[in-house]
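Contents: one structure, followed by commentary.
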Protein chains: 2
Amino acid sequence: MTTIKDVANLAGVSVATVSRVINERGYVHADTRKKVEEAVKQLNFSPNEVARSLYKRKSKLIGLLLPDIANPYFPQLARGVEDRMQEQEFRLIFGNSDEDEQKEKDYIQTFIQNNVVGVISSTNYPHSSIYENLKIPVVFLDRTPLDSPSVFADGREGGRLAAREIIKRGSRRITVMQGPAHIKPAQDRFEGAIESIRQAGLDYRVIQTTSFSFNDVGLWADELFSKYGDTDGVIASNDIAAMAVLHEALRIGKKVPEDMQIIGFDDIPMSSLLSPGLSTIRQPAYEMGREAAGLLIKLVEQAPIENKHIQLPVSFIERGTTRKVNSDG
Amino acid sequence: MTTIKDVANLAGVSVATVSRVINERGYVHADTRKKVEEAVKQLNFSPNEVARSLYKRKSKLIGLLLPDIANPYFPQLARGVEDRMQEQEFRLIFGNSDEDEQKEKDYIQTFIQNNVVGVISSTNYPHSSIYENLKIPVVFLDRTPLDSPSVFADGREGGRLAAREIIKRGSRRITVMQGPAHIKPAQDRFEGAIESIRQAGLDYRVIQTTSFSFNDVGLWADELFSKYGDTDGVIASNDIAAMAVLHEALRIGKKVPEDMQIIGFDDIPMSSLLSPGLSTIRQPAYEMGREAAGLLIKLVEQAPIENKHIQLPVSFIERGTTRKVNSDG
DNA sequence: TTGTAAGCGTTATCAG
DNA sequence: CTGATAACGCTTACAA
């Protein structure tokens, strides 16, 4: 490994001078600068970030904590975060928490041990002591503790929107899938949906689910059809659940959207490739990731912040699992 | 931040002794150990990994370089890597390369600057100078330079398998989607498929594609149907492409699998949730990630290695886009 | 069994 | 404008 010392020797200057030129700090004569730059190039030198980090007590590293990257909603988030961080030369230490508080704790712990300058976390425990005592900025994704910076979509409004649209299109015996109880955004969606359904004076049924995993999602679809076979509209807790419902509906010979409409949540990329295409409430995951990264960067750099809560809009994406709306609305 | 010095002071010993107990190295009297352990607990001390890394010239970090985490095949890989690394207390610095050599170079560069002890890379440029000059172990994913450790599935065999199965099930006018030219595994699949089709004495058509992106994939599906509308079997370059073909086939009123069979590649999790379910050649992505991580750990720890090339089996997953096979095979 | 001190590669202070 | 040097927090000879 070539160090600043090697460069200094080759250029015939002190390490201090080399440091000055690579950091563009302080005065250094044009000639000396050139000598140093040549030495740097010749030795293909690049500074050891670890040594820097030790001295400055801060790195160019950011911690990213997600429940499960294998869950299709998160890769887009991650990509958004990464792209934005990349622009500012920050790197990501990444971990899956599986919504387990202990795992989160462990990760945050090692983040700190590695001098990360900030963390982005999609957690169910934003009020955990883990975060309270953190001396570096945290941006929460999809969670909105009042006092902490966060980026989120309006889940409640998403739920309302889903209900309104499915009702507008004629569903009357609606089943709402209530996502895992410990996942706040899932509950928000659920409550929003219930709210709108009630407002319309309709009744509804609920299927309770306990995870977003591919393995389980078929079970709930089954449960839905065996319990509420006469349902003519399903508001799913996310697109994966919606896919499972669609799959099962088609399997048992229901026509979608004629016999049953389905609305998902998230608008994961493959939703448009289903047949029929999945109507869904879109959350702009990639953008959310970018925004979270941008916000964190500002926090880290102590730049002025207009608003520490960034809410991104949800929107209804009309595809094939809902009927065309009547012109009279 | 509490340091080893604080602990030493509180325990009334030297930093060396503290170091000994937290690293369980060298002799330390039971009584002293207890004092130190209490101080550690009381101060909630955990060692600064950056300082460690600087001294030892190696961290507990490994670099993971993937083309694009937003592409559904990779999250599973990533998850496999992460889970395995986690077990050994390694952390991941993660980057998306977009199959761009320069981006890769930049990432590898910063990996090194951060003292990572190894890297896992899914790259199209395994022979690039980037990797040749690396002094830390690299495990390639999905690429198999002869001399370097790698984990991969047998793409060629996968291609053969796809062709055999689709032919066995009666397709005669087969169209093969040839993935992006610069992506080796895609070409392997393609060649394997061609090989088996030729062997069967059949003709075939080719649709050339240039990316695996969600945005483009619909275009090739369109192209396929407009150019080769009489095709009765499609071997797609991956599941996303297959989904697009299925989608388009259904849209224009073709019956799948009756009029046209489709076989994908990868077996991404949502493949089973399509309607009909997507028949595909499975690559065990999660396992590949785990294996790569396991292999890298051995390399890093200089443990003996049986085989530096780990090939995982591909298999045909029969679902609804292929017909049931005749009992006579 | 324990402590002292050098060293890991940088940056920043301070003197020249 | 440049160079010595202390310091960042830790590990490890080496000495005691």
Side-chain angles (χ1 to χ4, degrees), chain A residues 1-37 39-40 43-61 89 109-117 135-136, chain B residues 1-37 39-40 43-61 89 109-117 135-136:
Chain A
M1 175 195 264
T2 130
T3 76
I4 200 174
K5 209 165 173 180
D6 302 325
V7 177
N9 287 152
L10 181 58
V13 299
S14 75
V15 294
T17 300
V18 177
S19 180
R20 283 191 199 98
V21 352
I22 64 180
N23 292 297
E24 299 175 325
R25 200 187 314 289
Y27 299 96
V28 31
H29 192 91
D31 295 349
T32 348
R33 154 163 300 120
K34 209 160 83 177
K35 275 193 303 185
V36 171
E37 279 166 350
V40 165
L43 294 176
N44 192 21
F45 167 79
S46 66
N48 181 324
E49 282 296 335
V50 177
R52 274 189 172 167
S53 172
L54 179 60
Y55 183 84
K56 301 178 132 187
R57 292 202 194 76
K58 49 159 73 175
S59 65
K60 293 291 279 180
L61 264 17
E89 319 232 77
Q109 174 69 13
T110 62
F111 287 169
I112 293 171
Q113 290 178 272
N114 283 285
N115 277 4
V116 304
V117 284
K135 272 149 304 183
I136 52 176
Chain B
M1 177 195 264
T2 131
T3 76
I4 201 174
K5 210 166 174 178
D6 302 324
V7 177
N9 287 152
L10 181 59
V13 299
S14 75
V15 295
T17 301
V18 177
S19 179
R20 285 190 197 98
V21 353
I22 64 180
N23 292 297
E24 299 174 324
R25 198 187 313 289
Y27 297 97
V28 33
H29 192 91
D31 295 349
T32 353
R33 153 164 301 121
K34 210 161 81 179
K35 277 195 299 185
V36 171
E37 279 165 351
V40 164
L43 295 175
N44 193 18
F45 168 79
S46 67
N48 181 323
E49 281 296 336
V50 177
R52 275 189 173 166
S53 171
L54 179 60
Y55 182 84
K56 301 178 127 183
R57 294 205 191 76
K58 48 160 74 176
S59 66
K60 292 291 279 181
L61 262 18
E89 319 232 74
Q109 174 70 11
T110 63
F111 286 169
I112 294 171
Q113 290 180 276
N114 283 285
N115 279 4
V116 305
V117 284
K135 272 148 303 182
I136 52 175

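Here the structure is a predicted model, which is why all the values come from computation and not from measurement. Within every chain, numbering begins at 1; the chains are lettered A, B, ... in the order of the sequence lines, protein sequences first and strands thereafter.
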Item checked: Closest non-hydrogen atom pair between B:Met1 and A:Lys135, with its separation -> N-NZ, 4.4 Å
Checklist line | Closest approach of A:Phe45 to A:Thr3 (non-hydrogen atoms, all atoms of both residues) | finding: CE1-C, 3.5 Å
Check: Taking atom P of D:dC10 as reference, at what distance in whole Å does atom CG of B:Asn115 sit?
Finding: 16 Å
Check: What is the distance from CG of A:Asn9 to C1' of D:dT2, rounded to the nearest Å?
Finding: 16 Å
Margin query: Which residues pass the side chain to side chain contact (heavy atoms under 4.5 Å, CB included) test with A:Thr32, not counting sequence neighbours?
Written below: A:Val13, A:Thr17, A:Val28, A:His29, A:Lys35
Next item on the list: Remember a base hit wins even if backbone is also touched, and classify B:Ser53 as base, sugar-phosphate or nothing at under 4.0 Å, heavy atoms.
Entry: nothing
Notebook entry, point to check: B:Lys34 has an atom NZ; how far is it from atom P of C:dT1, in whole Å?
Noted result: 17 Å
Next item on the list: Measure from CG on A:Asn114 to P on D:dC10 and round the result to the nearest Å.
Entry: 13 Å
Check: At under 4.0 Å, does any side-chain N or O of A:Ser14 touch on OP1 or OP2 of D:dT2?
Finding: no
Check: For A:Thr17 and D:dT2, is the shortest distance between a side-chain N/O and OP1 or OP2 below 4.0 Å?
Finding: no
Next item on the list: Output yes when at least one side-chain N/O atom of A:Thr32 is less than 4.0 Å from OP1 or OP2 of D:dT2, else no.
Entry: yes
Check: Between B:Asp31 (CG) and C:dT1 (P), how many Å, whole number?
Finding: 11 Å
Check: For every nucleotide of nucleotides 9-16 of chain C, 5' to 3': is a protein heavy atom under 4.0 Å from its base (B), only from its sugar-phosphate (S), or from neither (-)?
Finding: BBBBB---
Note to self: What verdict does the side-chain contact (heavy atoms from CB on, under 4.5 Å) test give for A:Val36 and A:Val40, after you've listed the backbone C-alpha separation in whole Å, the side-chain angles of each residue and the deciding distance to 0.1 Å?
What the structure shows: CA-CA 6 Å; A:Val36 171; A:Val40 165; 4.2 Å; yes
Next item on the list: Assess whether side-chain contact (heavy atoms from CB on, under 4.5 Å) is satisfied between B:Ile136 and B:Val117, documenting all intermediate values.
Entry: CA-CA 6 Å; B:Ile136 52 175; B:Val117 284; 5.6 Å; no
Checklist line | Side chain to side chain, B:Arg52 and B:Pro47, heavy atoms closer than 4.5 Å | finding: yes
Check: Is it true that a side-chain atom of A:Asn115 and a backbone atom of A:Ser59 form a donor plus acceptor pair closer than 3.5 Å?
Finding: no
Note to self: If we count only N and O atoms by modelled type, under 3.5 Å, do the side chains of A:Ser46 and B:Gln109 hold a donor and an acceptor together?
What the structure shows: yes
Checklist line | Bending between helix ends of the helix from C:dT1-D:dA16 to C:dG16-D:dC1 [5 pairs per end, 10° resolution] | finding: 50°
Margin query: When you compare the side chain of A:Leu54 with that of A:Val50, does any pair of heavy atoms fall below 4.5 Å?
Written below: no
